[in-house]
Asker: 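If you scroll down you'll find the structure; I have some questions about it.
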Protein chains: 2
Amino acid sequence: MTENDIFRALADPTRRAVFEKLAAGRMNATALREGMAISQPAISQHLSVLRTARLVKEMREGRFVFYEVDPEGLALVAGWMAKYRAYWPARVDALKDLLKDMDQ
Amino acid sequence: MTENDIFRALADPTRRAVFEKLAAGRMNATALREGMAISQPAISQHLSVLRTARLVKEMREGRFVFYEVDPEGLALVAGWMAKYRAYWPARVDALKDLLKDMDQ
DNA sequence: TCGACACATAAGCATACACTTATTTGTCGA
DNA sequence: TCGACAAATAAGTGTATGCTTATGTGTCGA
């Protein structure tokens, strides 16, 4: 789970889509696959990459494996971002919203 | 300059190193190359990718081209992060520092 | 104005990566 | 216990990517 693992994991649009789906709530691999034009092994491989990056974590339950967002990976992205905070533009609304949410 | 451009740009360790160097201050391509075991075209190509992602911007001055961090790209990463703020771990110190800095 | 320099572009190459189909492993319910 | 299902792994393939050397383009100073 290095910075490299994370950014390489996030570089693929399909993986970001998977991650986004999981952000809505935990889900098993088959449910995750629904609506995506992709094979079962492909999803499995993507999940493996995301898991290595600690962007998701798995919870085995019988023959199902539920996946959910792992905050650890996000924290590392945030850590990377923090290094460049001097360059964060004040005008970016997204950041302001961010701040508001965190300030509670 | 899409989300995809950004994350693909950040997926390469050499490009992140270049970006980090630029975060210390603007620099031309040749200066940027110093200390890196890489050819001149390689740096030029990396800068092109970073520029497309709006992670850096260029300023031509005579025969030099100075590069510097473009906040635009960082803002997009922040925007992506913001979507998952529900998962941000309170315990992550980096995030707290982040918050402190932003709260000024 | 001409040689040196800064940088970009062209072309080619080896490797990494995302995907596929086939198969394996493991768990459930009838 | 056996057939169906969930998921992972194996193996192979086309394309993307990061690198190189060679060359082009533009700007400077002697």
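Note that the structure is predicted; figures quoted are calculated from it, not measured. Reminder, nothing fancy here: chain letters follow the sequence lines and each chain counts from 1.
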Asker: Is there a side-chain polar atom (N or O) of Tyr67(A) under 4.0 Å from OP1 or OP2 of dA6(D)?
Answerer: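 The answer is no; no side-chain N or O of Tyr67(A) sits under 4.0 Å from OP1 or OP2.
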Asker: For Phe64(A) and dA8(D), give me the distance from atom CZ to atom P, rounded to whole Å.
Answerer: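 Rounding to the nearest Å, CZ of Phe64(A) and P of dA8(D) are 13 Å apart.
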Asker: Which whole-number value in Å describes the distance from His46(A) NE2 to dA7(D) C1'?
Answerer: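 Nearest whole value for this atom pair: 15 Å.
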Asker: Can you tell if the side chain of Leu10(B) reaches within under 4.5 Å of the side chain of Arg15(B), non-hydrogen atoms only?
Answerer: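 SC-SC contact between Leu10(B) and Arg15(B) ruled out.
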Asker: Rounded to the nearest Å, what distance is computed from the CD1 atom of residue Ile38(B) to the P atom of nucleotide dT21(D)?
Answerer: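 Taking CD1 of Ile38(B) and P of dT21(D), I get 12 Å after rounding.
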Asker: Considering just the side-chain nitrogens and oxygens of Arg63(B), establish if one lies under 4.0 Å of OP1 or OP2 belonging to dC7(C).
Answerer: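 Result: no.
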Asker: For a quick test of reading the model: is some side-chain N or O of Arg8(A) closer than 4.0 Å to OP1 or OP2 of dA16(C)?
Answerer: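 For Arg8(A), the contact criterion (side-chain N or O under 4.0 Å from OP1 or OP2 of dA16(C)) is not met.
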Asker: Find which nucleotide of DNA chain C each of Pro41(A) and Asp12(A) is nearest to by heavy atoms, and output the residue with the more 5' nucleotide.
Answerer: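 Looking at the nearest nucleotide for each, Asp12(A) comes out on the 5' side.
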Asker: Considering heavy-atom distances to DNA chain C, does Ile43(B) or Gly62(A) have its closest nucleotide positioned more toward the 5' end?
Answerer: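 With Ile43(B) and Gly62(A) compared, the 5'-side residue is Ile43(B).
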Asker: Could you state the atom-to-atom distance from CG of Leu47(A) to P of dA6(D) in whole Å?
Answerer: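 Spelled out: CG on Leu47(A) to P on dA6(D) is 15 Å.
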Asker: Side-chain donor or acceptor of Gln40(A) under 3.5 Å from a matching atom on the base of dT20(C)?
Answerer: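 No.
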Asker: Rounded off to whole Å, could you give me the CZ-to-P distance for the Phe66(A) and dA8(D) pair?
Answerer: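 Computing the Phe66(A):CZ to dA8(D):P distance gives 13 Å.
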Asker: Quick one: sort the Trp80(B) and Phe19(A) rings into parallel, tilted or perpendicular, breaks at 30° and 60°.
Answerer: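 Ring orientation, 0 to 90° scale: parallel.
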Asker: Please give, in whole Å, the distance from dC17(C) P to Leu10(A) CG?
Answerer: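 Checked: the CG to P distance equals 14 Å.
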Asker: How is Ala42(A) classified with respect to the nucleic acid when contacts are heavy atoms under 4.0 Å: base, sugar-phosphate, or nothing?
Answerer: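 Counting heavy atoms under 4.0 Å across all strands, the contact made by Ala42(A) includes a base.
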Asker: Please check the phosphate of dT21(D) (OP1 and OP2 only) for any side-chain N or O of Ser39(B) closer than 4.0 Å.
Answerer: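 Negative; the distance criterion is not met.
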Asker: Rounded off to whole Å, could you give me the CD-to-P distance for the Gln45(A) and dA16(C) pair?
Answerer: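 Distance check: Gln45(A) CD to dA16(C) P gives 17 Å.
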Asker: If you look at every strand shown and take non-hydrogen atoms under 4.0 Å, does Arg15(A) touch a base, only sugar-phosphate, or nothing?
Answerer: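 Sugar-phosphate only.
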Asker: Atom CZ of Arg16(B) and atom CG of Asn4(A): how far apart are they, to the nearest 0.5 Å?
Answerer: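 So the gap between those two atoms works out to 4.5 Å.
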Asker: Across the strands shown, which category fits Thr14(A) at heavy-atom distances under 4.0 angstrom: base, sugar-phosphate, nothing?
Answerer: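 Sugar-phosphate: the residue Thr14(A), judged by heavy atoms under 4.0 Å, touches backbone atoms but no base.
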Asker: Donor-acceptor pair, distance only, cut-off 3.5 Å: does the side chain of Thr52(B) make one with the backbone of Ser48(B)?
Answerer: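 Indeed, once roles are kept as given, a pair shorter than 3.5 Å links the two residues.
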Asker: Would you indicate what Ser44(B) reaches in the nucleic acid, counting non-hydrogen atoms under 4.0 angstrom: base, sugar-phosphate, or nothing?
Answerer: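 Counting heavy atoms under 4.0 Å across all strands, the contact made by Ser44(B) includes a base.
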Asker: Using whole Å, report how far CE of Met59(B) lies from P of dA6(C).
Answerer: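 Taking CE of Met59(B) and P of dA6(C), I get 19 Å after rounding.
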Asker: Determine yes or no for a side-chain-to-main-chain donor-acceptor pair under 3.5 angstrom, with Tyr67(B) supplying the side chain and Leu22(B) the backbone.
Answerer: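 No, Tyr67(B) side chain to Leu22(B) backbone: no donor-acceptor pair under 3.5 Å.
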